[in-house]
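Before any comments, here is the structure.
Excluded from the calculations below are hydrogen atoms, water molecules and symmetry mates; all remaining heavy atoms, backbone and side chain alike, are included. Sequence lines set the chain letters: A, B, ... in the order given, protein chains first and strands last, and positions in each chain run from 1.
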Number of protein chains: 2
Amino acid sequence: MEYEQLKLDNQLCFRLYTAARLTMGAYHPYLDPLGITYPQYLVLMVLWEQDKQPVNDIAHKLFLETNTVTPLLQRMEKAGLVKRTKGKEDTRQRIVSLTKKGIEMREQAKHIPECLSNEIIQITREEEEFVRMIPSLDKLIQGLKKQQTNQKH
Amino acid sequence: MEYEQLKLDNQLCFRLYTAARLTMGAYHPYLDPLGITYPQYLVLMVLWEQDKQPVNDIAHKLFLETNTVTPLLQRMEKAGLVKRTKGKEDTRQRIVSLTKKGIEMREQAKHIPECLSNEIIQITREEEEFVRMIPSLDKLIQGLKKQQTNQKH
DNA sequence: CAAATTTATATCGTTCACGATGCAAAAGTA
DNA sequence: TACTTTTGCATCGTGAACGATATAAATTTG
């Protein structure tokens, strides 16, 4: 079986890729009414935890590149969720802060994590094994992140 | 802690999303020389396993929508990897088949899965716990897929 | 202090991903 | 057989994701 490994069935990455897409899809019923996308929801969670952050910090916390986050923030600014102001000590920075609308959305989003986890329990009849995946995923993420930032030089 | 669950740290989906992106990134050093992307690699794996499939079958095996796969295949056709011919019994179908170039690429790609799994082992110093994630991810994928196809009516 | 380098962000081009819509062929129905 | 519905694929528009590149401000260096 020379090509046995080249089968979809045997591949972890394909499963991660698919699981991530479908899980993001599961957020649709909750995010559509708020008029936001999943990546925008991630940005909001970062800002709800700590308001007024430069683009770089947000990107770093989401493991995204700034050239992904910048247009994302521009769309969110157009939607009235955030403001982007020039930094005071460092004028190269853009400090991103929540608008009233962005702050208030936290209240509406409060129950989303619980809803999602309930859905996953209902779908899979098992929560424990997903909680158990978390440390493994973290290890993978940290390792890949380190590896890939090293590769850039 | 009213908003405790609205923290990135507590979310499985964010980890899946990030792990999937970074893992796809880990394929870059192997796929760039072949001139293909990760989703194109997935399509090739589907066709290597069984040549001459309609668009719908490919999309279904990858858990993607046909309106994602169609442009993907068009790009792959332009790159000379696949041919798309009209179906004979059902002329609505487009049968996708590998070209010589597409077939030959299998030989060059043969070692990619092994390389990737070696990298993950090296990065995380542990393979077992990732292998253990596979059934959980499959359960999640199957459950979400069923749920989301039901939701469409 | 001037020049070179680094840093923070933005812009551009390409590829996904997918909802909405369109269209022609096939299948089901009156 | 005519009509309706379904199916298979394509097109369009929007929003990511990211490599490459640009630009201005800060930092380092000579």
Side-chain angles (χ1 to χ4, degrees), chain A residues 17-29 31-32 35-43 53-60 62-79 81 84-96 145 148-149 151-153, chain B residues 17-29 31-32 35-43 53-60 62-79 81 84-96 145 148-149 151-153:
Chain A
Y17 160 79
T18 305
R21 277 190 310 103
L22 296 180
T23 311
M24 278 172 65
Y27 277 88
H28 260 120
L31 298 181
D32 284 356
I36 56 173
T37 64
Y38 183 72
Q40 291 174 10
Y41 172 62
L42 293 180
V43 170
Q53 297 187 53
V55 176
N56 217 4
D57 289 19
I58 297 171
H60 188 256
L62 298 178
F63 299 92
L64 289 167
E65 305 296 319
T66 61
N67 57 357
T68 298
V69 175
T70 292
L72 191 52
L73 291 171
Q74 287 170 342
R75 284 186 289 269
M76 291 177 76
E77 186 170 43
K78 214 158 76 179
L81 294 165
R84 302 184 309 139
T85 54
K86 282 226 182 283
K88 286 181 180 165
E89 316 99 74
D90 189 335
T91 62
R92 292 171 306 179
Q93 287 186 339
R94 286 283 216 158
I95 308 299
V96 182
K145 185 65 192 174
Q148 282 171 30
T149 47
Q151 254 170 29
K152 290 187 180 174
H153 284 279
Chain B
Y17 160 80
T18 305
R21 278 191 307 103
L22 296 181
T23 311
M24 279 172 63
Y27 278 87
H28 260 120
L31 298 181
D32 285 355
I36 57 175
T37 64
Y38 183 72
Q40 291 175 7
Y41 172 62
L42 292 180
V43 170
Q53 297 188 56
V55 176
N56 217 2
D57 289 18
I58 297 172
H60 188 257
L62 298 178
F63 299 91
L64 288 167
E65 306 296 319
T66 61
N67 56 359
T68 298
V69 175
T70 293
L72 190 53
L73 291 170
Q74 287 169 342
R75 284 186 289 269
M76 291 176 75
E77 186 171 42
K78 212 159 77 179
L81 294 166
R84 300 183 309 139
T85 54
K86 282 226 182 279
K88 286 182 180 163
E89 315 100 74
D90 189 336
T91 62
R92 291 172 306 178
Q93 286 186 336
R94 286 283 215 158
I95 308 298
V96 182
K145 185 64 191 175
Q148 283 171 29
T149 48
Q151 255 170 28
K152 287 189 179 174
H153 284 281

Per-nucleotide pairing state of DNA chain C [Watson-Crick or G-U, under 3.5 Å; [ ] pseudoknot-crossing; | other strand]:
||||||||||||||||||||||||||||||
Going by the angle between their ring planes, with limits at 30° and 60°, are B/Y27 and B/Y38 parallel, tilted or perpendicular?
tilted
Nearest whole angstrom, please: distance from the P of C/dT15 to the CG of B/L64.
17 Å
Distance in angstrom units between A/R21 CZ and D/dA17 P, rounded:
13 Å
Could you state the CG-P distance from A/L31 to C/dC18, rounded to the nearest angstrom?
15 Å
Which atom pair, heavy atoms only, marks the closest approach of B/P71 to B/T66?
CD-O, 4.4 Å
Calculate the interatomic distance between B/H28 atom NE2 and C/dT14 atom C1'; express it in whole Å.
11 Å
Of the non-hydrogen atoms in A/L72 and A/Q40, which two are nearest, and what is the gap between them?
CD1-CG, 3.6 Å
When the distance from CD of A/E65 to P of C/dA10 is rounded to whole Å, what number comes out?
15 Å
Which atoms form the tightest heavy-atom contact between B/R21 and A/L62, and what is the distance?
NH2-O, 3.1 Å
Going by side chain to side chain donor-acceptor pair (under 3.5 Å), B/D90 matches just one of B/R92, B/K86, B/Q93, B/K88. Which one?
B/R92
Take atom CD of B/Q53 and atom P of D/dG8, then tell me their distance rounded to the nearest Å.
14 Å
Is the closest side-chain heavy-atom distance between A/Q74 and A/T70 below 4.5 Å?
yes
CG-CD1 distance between B/L42 and B/I36, expressed to the nearest 0.5 angstrom:
9.0 Å
For atom OH of B/Y27 and atom C1' of D/dG19, their distance in whole Å:
20 Å
Indicate the atoms forming the closest heavy-atom contact of B/Y17 with A/M24, along with that distance.
CD1-SD, 3.7 Å
List, with names and distances, any nitrogen or oxygen atoms from the protein found under 3.5 Å away from nitrogen or oxygen atoms belonging to nucleotides 1-5 of chain C.
none

I want to check something: taking the side chain as every heavy atom from C-beta on, are A/K145 and B/T18 in contact at a cut-off of under 4.5 Å?
no
Look at the side chain of B/R94 and the backbone N and O of B/R84, then say whether any donor-acceptor pair between them is shorter than 3.5 Å.
yes
Which heavy-atom pair separates A/P29 from A/A26 by the least distance, and what is that distance?
CD-O, 3.3 Å
What does nucleotides 9-16 of chain D look like as a protein-contact string, B for base, S for sugar-phosphate only, - for none, at under 4.0 angstrom between heavy atoms?
BSB---SB
